[in-house]
**Q** 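Please see the structure below; I have some questions.
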Amino acid sequence: MPHTNGLTNELPNPYLKNLDNDVLYHLGFSKKDDLKKLFGDVKFVCTGGSADRMREFAYFIYSKLKGKLPVEDEIKDLGGVGHRYALYKVGPVISVSHGMGFGSIGILLHEMIKLVRYAECDDPIFIRVGTCGGIGIPPGTVVVTEGALNGVLKGVHEFIILGKRVERPATFDQALAQKIQECALPADNFKIVLGKTIGTDDFYEGQGRTDGAICDHKIEEKMEFLQKVFKLGVRNFEMEAPVFGALTHHAGIKGAIICASLVNRLNGDQITATREEMHDWGLRAQEITWRFIEKTLKDM
Ligand code: R2B
Ligand code: URA
C-alpha cells in the first residue's frame, strides 16, 4: 500500500510471504502474536544503546503522554522473552535498546522493521537516541545526523552476504533531520547541530583513538584525519549510523539519529566527563526527541 511519503509497506524480501509463521527470535515475538493489537498504533520506534537508558526514556515519554493519549497502565519490558533487547511501549512510542555496534543494531532493525510492518503501523519513524564522540563541538552538544559515512568515508554500509561485499546507501531523510534540528529553543543551554556522522565498527582504533590496548598510528595522523573530516562536515563518531541508514532506507522507513556528544575529539580521546554530566547530556537528546514526537503528533 503506497504511503504519503511515496514509500510502500512491502518488505523487500519475497520469501517472507511463504513462511507459515515468522519468529522474531531476539525480540521474543512471532507473526502469530496479535502484533496489530499489540503494536498497531506505534508511530515512533526510538532506540538507544543501553537498556537502562531506554527504560528511563520510556518513563520520560510516559510522564509526557499520560493524560493526553491512551498509554499502557504499566511499563513492562516486553523484550524480556527474547533476553537480548529491552523493549517498552508507551502509547505510540516504542523504546528499545540496541546494544553496541553494527551487528547488534542490525539484528534489532531487521526484527523491528518486520514487527512494524506485520503490525501494520502507519508510516512509523525510527529514531536512534544515543551518545557519540563529537568532533570540533563542545561536549553536551546534540548532533542530528544529516548523512552517515563508514570508516573509509563512503556514504554506504558494507554488508558481507554470501561471501561478497554488498554496499547499500546509508541514506537519511533531510527534511526529517531539519525538522528535528528546528526543535531547538532559544532558552536551551546547549546547541543542536546538523552534521555528518562517521559510524565505525570499533570505538578505539576504528575512531582513530590512540588510547586503545593497541595503536599503530601516530597522534599527528589522528589529528590530521580529525581536521580533514571536520572540514567535510563531520561532527561526530558513533558505531551504528551507516547500518541504521542503510536498513531503514532499504525498507522504506524514515530514520533519524539524535546523539549527545560526550567528548570533543579535537581535545582528546578519553571520556572524562562525570556520570552526572553524561546523564544530563543524554537527557538533552531525549528531550529533543520528545519535542519532535510532540510536534509530529500535533501535526497529524
Ligand atoms: C555510542 O556509544 C557506544 C560506544 O561507547 C556506541 O554504541 C555508540 O554508537
Ligand atoms: N560513542 C562513540 O562511539 N564514540 C565516542 O567517542 C563516544 C561515544
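One-based numbering, in listed order, for ligands and for the atoms of each. Here the structure is a predicted model, which is why all the values come from computation and not from measurement. Just the heavy atoms: all of them, side chains too, but no hydrogens, waters or symmetry mates, feed the values below.
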**Q** Pick one: which of Lys222, Gln207, Arg209 meets side-chain hydrogen bond (donor to acceptor under 3.5 Å, both in side chains) with Asp269?
**A**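 Output: one option passes, namely Lys222.
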**Q** At a 4.0 angstrom heavy-atom cut-off, what protein residues surround ligand 1?
**A**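 Around ligand 1, where the cutoff is 4.0 Å for heavy atoms, the contacting residues are Met100, Arg128, Thr131, Phe203, Glu238, Met239, Glu240.
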**Q** Mind running salt bridge (charged side-chain N to carboxylate O under 4.0 Å, His left out) on Lys228 and Glu224 for me, showing each step along the way?
**A** CA-CA 6 Å; Lys228 173 177 128 179; Glu224 198 183 309; over 6 Å; no
**Q** Quick one: ligand 2 N/O to protein N/O pairs below 3.5 Å?
**A**
residue: ligand 2; atom: 3 (O); partner: Gln207; partner atom: NE2; Å: 2.9
residue: ligand 2; atom: 4 (N); partner: Gln207; partner atom: OE1; Å: 2.9
residue: ligand 2; atom: 6 (O); partner: Arg209; partner atom: NH1; Å: 3.4
residue: ligand 2; atom: 6 (O); partner: Arg209; partner atom: NH2; Å: 2.6

**Q** Is there a side-chain contact between Val45 and Phe39 in this structure, where contact means two heavy atoms from C-beta onward sitting under 4.5 Å apart?
**A**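 A side-chain contact is absent here, since even the closest heavy-atom pair is not under 4.5 Å.
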**Q** Other members of the hydrophobic cluster containing Val23, with the 4.5 Å side-chain heavy-atom rule, please.
**A**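 Via sub-4.5 Å side-chain contacts, Val23 links to Tyr25.
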**Q** Scan residues 183-203 for pairs that pass ring pair (Phe, Tyr, Trp, His ring centres under 6.0 Å), counting only residues two or more places apart or in two chains.
**A**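 As it turns out, there is no ring pair (Phe, Tyr, Trp, His ring centres under 6.0 Å) pair with a partner in residues 183-203 once direct neighbours are skipped.
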**Q** Find out whether the Lys NZ or Arg CZ of Arg235 is both under 6.0 angstrom from the six-membered ring centre of Phe230 and within 45° of the ring's axis.
**A**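 Because its charged atom sits under 6.0 Å from the ring centre and within 45° of the axis, Arg235 does stack over Phe230.
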**Q** Classify the ring geometry of Phe60 against Phe57: parallel below 30°, tilted from 30° to 60°, perpendicular beyond 60°.
**A**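 If you compare the ring of Phe60 with that of Phe57, the planes turn out tilted.
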**Q** Compare every heavy atom of Gln286 with every heavy atom of Glu56, then report the nearest pair and how far apart it is.
**A**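 Of all heavy-atom pairs spanning Glu56 and Gln286, the closest is OE1-NE2, 4.1 Å.
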**Q** Minimum heavy-atom separation for Ala241 and Glu238, please, with both atom names.
**A**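 For Ala241 versus Glu238, the nearest heavy atoms are N-OE1, 2.8 Å.
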